Number of protein chains: 2
Amino acid sequence: MQRNTSRKRANLRDVAAAAGVSVATVSRVMNAPETVAEATRKKVEEAMNSLHWVPSAAARAINTGRTRFVGALVPTLDNAIFARMLASMESRLATHRLSLVVATTDNDPAREAEKAKGLVDIGAEGLVVSGITHAPEFYSLIERCQLPAVSTSFYDPHYQLPTIGYDNAAAARTALAHLTDLGHSRIAVVHGPSASNDRTQARIAGLESHSPKGDLSFYEVPLSIAGGCEAGRNVLQAKKQPTAILCLSDVLASGVLFELQRQGVSVPQEKSVMGLDDLAGSAHLFPELSTVHLPVSRMGAAAADAIAAWVETQKVPGAYLLRSDLVIRTSTAAAASVDC
Amino acid sequence: MQRNTSRKRANLRDVAAAAGVSVATVSRVMNAPETVAEATRKKVEEAMNSLHWVPSAAARAINTGRTRFVGALVPTLDNAIFARMLASMESRLATHRLSLVVATTDNDPAREAEKAKGLVDIGAEGLVVSGITHAPEFYSLIERCQLPAVSTSFYDPHYQLPTIGYDNAAAARTALAHLTDLGHSRIAVVHGPSASNDRTQARIAGLESHSPKGDLSFYEVPLSIAGGCEAGRNVLQAKKQPTAILCLSDVLASGVLFELQRQGVSVPQEKSVMGLDDLAGSAHLFPELSTVHLPVSRMGAAAADAIAAWVETQKVPGAYLLRSDLVIRTSTAAAASVDC
DNA sequence: ATGGTTGATGAAACTGGTTACATGTGTCAA
DNA sequence: TTGACACATGTAACCAGTTTCATCAACCAT
């Protein structure tokens, strides 16, 4: 039995000894190969291979002060909107040679703070969070650690963290305007839980502040397709039937469309249905969903760039507003003549 | 200006000096508070707070040899099937006090190997990959680093890595059997790119090996809803019209359903459509999609448990087979009487 | 009074790299 | 022949923690 075969992993000194050089030379072979003589380099590389040496990330990190990964805190991965954002964030971070650690919060600020702590504990260099509602522990954590952190899915240049997102209130108003422009005045608004979800709150507030003459009725359901179905049923049971249903999330709109179809209510002839998000599947629902496109891919990339710049240069990035655009498809039409 | 205000982060010695104790004592306050006298502990904690001290993850990692995170390599985050798996993996890993680093591979083995290298470089303790097709560099990496790695979405007890997944061939056969049981004999099979996607390959192989008397015609399209639409158009242009369309992924089935609806082909009266995956939205398509349920949430949890056990105890977990179940909804029906 | 045990603490070694600085050699111009 | 300088390499300090072992006081039973 040789010593080499022992289970213990080789370290720098072992390699140096095997190659008959100093640790500094081995280190140079890794970090500045051009400063090492050809022959020496070869010897060292052979030693590395024969010892199956793998550099220790922790040891490097302790010297450079860099771990090369950042954390992202999202409410859930089950909604495609966040998955899509993370997808583009991940690929953009890769161009900065940064990796992405994902943690989910279930929209619970306490859990968010806890997970944020966990990310810091394992060495995250920066954090990307969603929205602007966070636990006090979260704020004290990032303040205490001087941790770069940006907030997404929300735009507010006066918020204490740089925000990279869209104007939720405006997006909701855009959707509403489209419906009112089509002559709808009695409109049902379907939304997910608003408690501790600032995006939803902002969208509702945007509608209320700008509420036209017509009356809006609000329906709060779980943020899922099943929730949308439930909302669809609830709306159909209302005494004064709305001519349009505005869903503050495409996921809910999917459920609403499904339920209306199941109950034989034709869209858009009998009722217009409007979404907000523009998920990949929304263009392929039946009928194709009119919605407001939220540029989550660009947002993910922008958030990646912002947090990368911050951790690299120590400069705090500015807030960044992304436009949201109306996407008119076939689920909306002029208000039924019945109303005229 | 005080020294304290300097930008440099405080370290253990600073805290020890401020509290008037040794570094060992400060370390104990963190890791074994009960061994430190009440009064001393308080002094130390005060010093920690006043210096805004945050322990260095890297320094801890270098001693314990643990970084407390593992990496997951998935083809994409844009398909809900992977997002859902990651969601459950993340939450199960959290119970093991492990975090999850996500990297996407676009089904490219070379990129996968590269990203795997990146994950190792930043200190991942283990890896979870999808499928069994990997680049040689990937295998040499995990062999060289002695890195715990498990494979998901595939079950093969003889594969060199522990596999935690379902039997793709059997799942495809289950779907096919459902259609043939309903009397369908001419069946179109729609699938995504099979090159370097072993799950798709296995599903196709499963169908071919078990192919019934009836003839199957295969349509390969991009794995997206748009791809499904394309497949729908292609199928409708075929000379010999099939009575059923078997999609080897629910995403494709969504597109197919959409296209058939758009073209006025009624489902399941004129054609049955079958999926495979059982995404969250599939129960709410129109018509509700018959499919084979792949237990991706349980798979994510199982993968998390396996990799966690491996990194904690150094024991290699065994392969784990998850059942896939037929889910009959309304998109499939007995073959049209035209055929009789 | 003495020896044994427990509890709290400190000194210093240790983890595995990076890097500032020192050293030694060879080349070239003065 | 010598001084200047580049180049290759080594020595040792350093990063920020953990951990082993030693020390010392207090307490208790003999």
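Not measured: the values here are computed from a predicted model. Below, chain A is the first sequence line, B the second, and so on; all start at residue 1.
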Could a donor-acceptor pair under 3.5 angstrom be found where the side chain of A:R60 meets the base of C:dG16? no

Are B:F69 and A:F69, when compared by the centres of their aromatic rings, separated by less than 6.0 Å? yes

Can you identify which nucleotide, out of C:dG16, C:dT18, D:dA16, has its nearest atom closest to the A:S56 side chain? C:dG16

Between C:dT15 atom P and A:R9 atom CZ, what is the distance in whole Å? 14 Å

Please determine whether a side-chain nitrogen or oxygen atom of A:T40 lies at a distance below 4.0 Å from atom OP1 or OP2 of D:dT9. yes

What is the separation between atom CG on B:N31 and atom P on D:dT19, rounded to the nearest whole Å? 7 Å

Looking only at side-chain N and O atoms, does B:N63 come under 4.0 Å of OP1 or OP2 in C:dC14? no

Classify B:V26 by what it touches in the nucleic acid, base, sugar-phosphate, or nothing, heavy-atom distance under 4.0 Å. nothing

Value in whole Å for how far the P atom of D:dT18 lies from CD1 of B:I62: 12 Å

Just how far, in rounded Å, is C1' of C:dT15 from CG of B:L12? 14 Å

B:K42 has an atom NZ; how far is it from atom P of C:dA8, in whole Å? 17 Å

Between atom CD in B:E38 and atom P in C:dG7, what is the gap in whole Å? 16 Å

It should be established whether B:S27 places a side-chain nitrogen or oxygen under 4.0 Å from OP1 or OP2 of nucleotide D:dT18. yes

Would the distance check show the side chain of B:S151 and the main-chain N or O of B:V128 forming a donor-acceptor pair, the cut-off being under 3.5 Å? no

Under 4.0 Å, heavy atoms only, any strand: does A:T25 hit a base, just the sugar-phosphate, or nothing? sugar-phosphate

5' precedence on DNA chain D between A:T35 and A:R13 (nearest-nucleotide basis): A:T35

When we call it a touch if two heavy atoms are under 4.0 Å apart, what does A:V54 touch: a base, just sugar-phosphate, or nothing? sugar-phosphate

Both A:N11 and B:V36 contact DNA chain C. Which one's nearest nucleotide lies toward the 5' end? B:V36

Tell me: CZ of A:R66 to C1' of D:dA16, nearest whole Å? 18 Å

Are the side chains of A:H96 and A:V311 in touch, meaning some heavy atoms are under 4.5 Å apart? no

Using only atom types and a distance under 3.5 Å, with no angle test, would you say the side chain of A:E125 pairs donor to acceptor with the backbone of A:V70? no

Within a radius of less than 6.0 Å around CZ of B:R144, do more than 12 heavy atoms belonging to other residues, nucleotides or ligands occur? yes

Quick check on C:dG17: is either OP1 or OP2 less than 4.0 Å from any side-chain nitrogen or oxygen of A:W53? yes

Looking at every strand, decide which applies to A:A24 at a 4.0 Å heavy-atom threshold: base, sugar-phosphate, or nothing. base

Starting at the 5' end of DNA chain D and moving along, which residue's nearest nucleotide shows up first, A:A37 or A:V23? A:A37

Under the 3.5 Å rule, do the base of D:dG10 and the side chain of A:R28 count as making a donor-acceptor pair? yes

Just how far, in rounded Å, is C1' of C:dG7 from CZ of B:R41? 14 Å

Using a strict threshold of under 4.0 Å (side-chain N to carboxylate O), is an ion pair present between A:E38 and A:R41? yes

